[in-house]
Amino acid sequence: MNAKLRVFAALAAVSVLLLAASCAKEPRIRKPTGAMDTPEHHVLTGLRLLEEERPDDAEREFNLAVELDPKYSRAFSGLGITTALKGDFDSAFRHMEAAEDTMKSEQDKLDYHVGMVRVYSA
């Protein structure tokens with residue numbers, strides 16, 4: 001195979017890979033099933049469950065919030081706390097990074113910083 005043909009084949013392969021990557025699906029967003037099925041409500045419920053020392057139930061609520069809004073920073077902060085309480089610090093810091101990346105409001109920032117304190121304290 002001559003050099004020009006090898007370069008063309010390599011460029012074609014890279015083009016196919018880039019095209020496939022650009023066609024990747026966005027995260028599936030779940031539709032709310034009722035008036036109380038909101039990211040905000042699930043996060044508040046998750047925080048209450050954390051206070052009751054029920055991290056598994058809290059984690060379920062935070063995951064429901066993420067399903068409804070994959071960019072809801074406060075849900076990722078909650079997931080960071082619950083995974084840290086389970087001893088999975090790699091996941092905890094990944095969730096906290098997602099929380100930081102999706103912060104929009106001052107409340108998001110506050111929850112992120114409180115979450116980091118709780119992750120480091122776990």
Side-chain angles (χ1 to χ4, degrees):
M1 197 185 284
N2 69 30
K4 287 183 181 180
L5 191 53
R6 275 189 243 146
V7 170
F8 177 75
L11 287 174
V14 169
S15 297
V16 168
L17 289 173
L18 289 174
L19 180 63
S22 69
C23 293
K25 292 183 178 179
E26 288 289 317
R28 187 169 180 189
I29 298 173
R30 183 175 64 80
K31 302 266 188 219
T33 58
M36 303 290 282
D37 191 18
T38 66
E40 297 84 3
H41 182 262
H42 288 295
V43 166
L44 290 175
T45 302
L47 292 172
R48 189 190 79 236
L49 291 165
L50 278 175
E51 288 176 13
E52 295 174 6
E53 298 181 9
R54 295 170 53 193
D56 291 334
D57 294 328
E59 183 176 27
R60 182 193 68 242
E61 291 295 325
F62 296 131
N63 278 319
L64 288 170
V66 170
E67 288 175 12
L68 290 165
D69 184 354
K71 295 184 180 181
Y72 195 59
S73 178
R74 298 180 70 201
F76 288 112
S77 294
L79 285 170
I81 295 167
T82 59
T83 53
L85 291 172
K86 293 179 175 185
D88 184 356
F89 293 100
D90 289 338
S91 292
F93 285 110
R94 278 195 304 276
H95 288 306
M96 294 310 297
E97 186 176 319
E100 183 178 31
D101 291 345
T102 55
M103 289 188 299
K104 296 175 190 149
S105 68
E106 291 300 314
Q107 184 65 50
D108 293 344
K109 291 177 186 177
L110 176 63
D111 285 353
Y112 166 76
H113 290 295
V114 169
M116 286 300 288
V117 168
R118 291 189 72 178
V119 167
Y120 278 111
S121 298

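Because the structure is predicted, anything quoted here is derived from the model rather than measured.
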Non-hydrogen atoms of [X] and [Y] that approach each other most closely:
{"X": "Thr83", "Y": "Ser91", "value": "OG1-C, 3.8 Å"}
{"X": "Leu85", "Y": "Leu50", "value": "CD1-CD2, 3.8 Å"}
{"X": "Thr38", "Y": "Leu68", "value": "C-CD1, 3.7 Å"}
{"X": "Thr82", "Y": "Ala58", "value": "CG2-CB, 4.0 Å"}
{"X": "Ala92", "Y": "Gly80", "value": "CB-O, 3.3 Å"}

* Co-members of Leu110 in a cluster of I, L, V, M, F, W and Y side chains, linked at under 4.5 Å ->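 Cluster partners of Leu110: Val114.
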Could you give the side-chain donor-acceptor pairs of residues 39-48 under 3.5 Å, partners two or more places apart or in another chain?
from	atom 1	to	atom 2	distance (Å)
His41	ND1	Met36	O	3.1
His42	ND1	Glu61	OE1	2.6
His42	NE2	Asp37	OD1	2.6
Thr45	OG1	His41	O	2.9
Arg48	NE	Glu52	OE2	3.3

* If we ignore angles and hydrogens, is there a donor and acceptor under 3.5 Å between the side chains of Asp111 and Gln107? ->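 Short answer, yes.
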* Asked: Which residue pairs satisfy the salt bridge (Lys or Arg N to Asp or Glu O under 4.0 Å) criterion with at least one member in residues 88-101, sequence neighbours excluded?
  ->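 Counting only pairs at least two positions apart or across chains, no salt bridge (Lys or Arg N to Asp or Glu O under 4.0 Å) contact touches residues 88-101.
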* For Phe93, enumerate each residue passing the ring-ring contact (aromatic ring centres under 6.0 Å, His included) test, keeping only those at least two apart in sequence or located in another chain. =>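 Expected list: Tyr120.
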* To do: Let me see the working for Met96 and Ser77 under side-chain contact (heavy atoms from CB on, under 4.5 Å), right down to the final yes or no.
  => CA-CA 5 Å; Met96 294 310 297; Ser77 294; 4.1 Å; yes
* ring-ring contact (aromatic ring centres under 6.0 Å, His included) pairs, two or more places apart, involving residues 45-91 ->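 Checked against ring-ring contact (aromatic ring centres under 6.0 Å, His included) - neighbours excluded - no pair reaches residues 45-91.
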* Co-membership, hydrophobic cluster, residues Met103 and Leu79, 4.5 Å side-chain ->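 No: no chain of side-chain contacts under 4.5 Å links Met103 to Leu79.
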* Asked: What residues, two or more places apart in sequence or in another chain, satisfy side-chain hydrogen bond (donor to acceptor under 3.5 Å, both in side chains) together with Lys86?
  ->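 Here the qualifying residues are Asp56, Glu59.
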